[in-house]
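In this chain, numbering begins with 1 at the start of the sequence shown. These numbers come from the heavy atoms of this one structure, side chains and all, not from hydrogens, waters or symmetry mates.
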Amino acid sequence: MRTPEQLLSFSQSALLELRERSPLVQCITNTVVTNFTANVLLALGAAPAMVDIPKEAGSFAELASGLLINLGTPHAEQREAMLEAVSGANRADSPWLLDPVAVGSLPVRTALAQQLRGLRPSVIRGNASEIIALAGSGRGGRGVDAADEVAAAQESAITLAAAGSVVAVSGPTDLILDQQQRVLSSNGTPILTRITGGGCALGAVMAAFAGLSNDRLASTVAAVSVYTVAAEIASSNSQGPGSFAPAFLDSLASIGPDDLAARAKLTVVQVGQ
């Protein structure tokens, strides 16, 4: 059982290691957020690669440090590339993240998400309604927006984690768990929900951190802490969504271990509570 202090120390070290190693992150993501996702990874110190066509996606996944699969706009060619890339990542034993955007009521992506779930994602990230729907307990939210609170998704997240994935449920307080431990992260700002790609880019950041360590829970906590603390700092330097987006990129580029020490709010919950 890791303590909040141990998770904070891991997050501080992981942030410095990310900037030193600049992990290569393959992003197969939706057309709405591609540019913002690449800019987030670059600002933080990682290297993005949007390789999302068949015949290239699989071989590239074997080279990448981490892989993001985001189901926001899964057209036919991209769906084929997703399955090819996941096979490549699994062959290379590289981490990959599943972001089941808007699953539940939309049949094409819901069937694909269930297929991908069976291919052993290292990390699953979504809002509460997406996590509930992926676990087979609900019909999703309103498009990409959650219709459920984070607490309502806890049992569904536990169900998904039973197959070996780390599960992260995004909300005002993020829930991150595996089969042994549950962590609450209480940083962030509501402005993140008023810009394009605020949640989707977090999945790419999680894939970047996952490429640094086999400790999937701690690396996911590190990604959430860095991302949400940077967002808090940016919100204090902006006047609204328009000025927040560039301030957020600046904050990701400048955030350091001392910022995490001063602001990160982590709580470890004993299993069974």
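By the rule that hydrophobic residues join a cluster once side-chain heavy atoms approach within less than 4.5 Å of another member, Val51 and Val25 end up as members of separate clusters. A continuous path of ILVMFWY side-chain contacts below 4.5 Å connects Leu160 to Ile158, so both sit in one hydrophobic cluster. A continuous path of ILVMFWY side-chain contacts below 4.5 Å connects Ile195 to Val205, so both sit in one hydrophobic cluster. Residue Val33 is not grouped with residue Leu41 when hydrophobic side chains (ILVMFWY) are merged at heavy-atom distances under 4.5 angstrom, including chains of intermediate members. Leu15 and Leu249 fall within the same hydrophobic cluster, where Ile, Leu, Val, Met, Phe, Trp and Tyr residues are linked whenever their side-chain heavy atoms come under 4.5 Å apart, directly or through other members.
Here the side chain of Ser87 pairs a donor or acceptor atom with the backbone of Leu83 at under 3.5 angstrom. A donor-acceptor contact shorter than 3.5 Å is absent between the side chain of Ser165 and the backbone of Val167. In terms of modelled atom types and a separation under 3.5 Å, the side chain of Arg109 and the main chain of Leu71 share a donor-acceptor contact. For Gln26 (side chain) and Ala61 (main-chain N/O), a donor-acceptor pair under 3.5 Å exists by modelled atom type. Arg79 contributes a side-chain N or O that, together with a main-chain N or O of Pro74, makes up a donor-acceptor pair within less than 3.5 Å. Between the side chain of Ser122 and the backbone N or O of Trp96 there is at least one donor-acceptor pair closer than 3.5 Å. At distances below 3.5 Å, not a single donor-acceptor pair connects side-chain atoms of Glu62 with backbone N or O atoms of Ala92. At least one donor-acceptor pair under 3.5 Å links the side chain of Thr73 to the backbone N or O of Thr31. When atom types are taken as modelled, the side chain of Thr228 and the backbone of Val224 share a donor-acceptor pair closer than 3.5 angstrom. The closest donor-acceptor contact from the side chain of Asn237 to the backbone of Ile233 lies under 3.5 Å.
No more than 12 heavy atoms of other residues, nucleotides or ligands lie within 6.0 Å of CZ in Arg120, so this atom counts as exposed by the packing criterion. Around atom CZ of Arg194, no more than 12 heavy atoms belonging to other residues, nucleotides or ligands sit under 6.0 Å away.
The distance from atom CG of Asn70 to atom OG1 of Thr29, rounded to the nearest 0.5 Å, is 3.5 Å. Atoms CG and CD1, from Asn127 and Ile132 in turn, are 9.0 Å apart once rounded to the nearest 0.5 Å. Interatomic distance, CG of Leu7 versus CD of Gln12, reported as 11.5 Å (0.5 Å rounding). Here CG of Leu18 is found 12.0 Å from OG of Ser213. Values are rounded to the nearest 0.5 Å. Atom CZ in Arg182 sits 12.0 Å away from atom CG in Leu217 (nearest 0.5 Å).
Heavy atoms only, all atoms of each residue included: Ile28 and Ala57 are closest at CD1-CB, 4.2 Å. Phe36 and Thr196 make their closest contact through CD2-O, 3.6 Å (heavy atoms, listed as atom of the first residue, atom of the second, distance). Of all non-hydrogen atoms in Ala135 and Arg117, the two that sit nearest each other are CA-NH1, 3.9 Å. Cys200 and Asn30 get closest at one heavy-atom pair: SG-ND2, 3.6 Å. Annotation for Leu24 and Ala49: closest pair CD1-CB, 4.0 Å, computed over non-hydrogen atoms.
Looking only at side-chain heavy atoms (C-beta outward), Asp174 and Val150 stay at 4.5 Å or farther from each other. Residues Ile255 and Leu260 meet the side-chain proximity criterion, which asks for heavy atoms closer than 4.5 Å.
Taking the six-membered ring for Trp and the full ring otherwise, Phe10 and Phe209 have centroids separated by 6.0 Å or more.
Applying the salt bridge (Lys or Arg N to Asp or Glu O under 4.0 Å) test to pairs two or more places apart or on separate chains, none has a residue in residues 36-47.
Partners of Asp215 according to the salt bridge (charged side-chain N to carboxylate O under 4.0 Å, His left out) rule, which considers only residues two or more places apart in sequence or in another chain, are Arg2.
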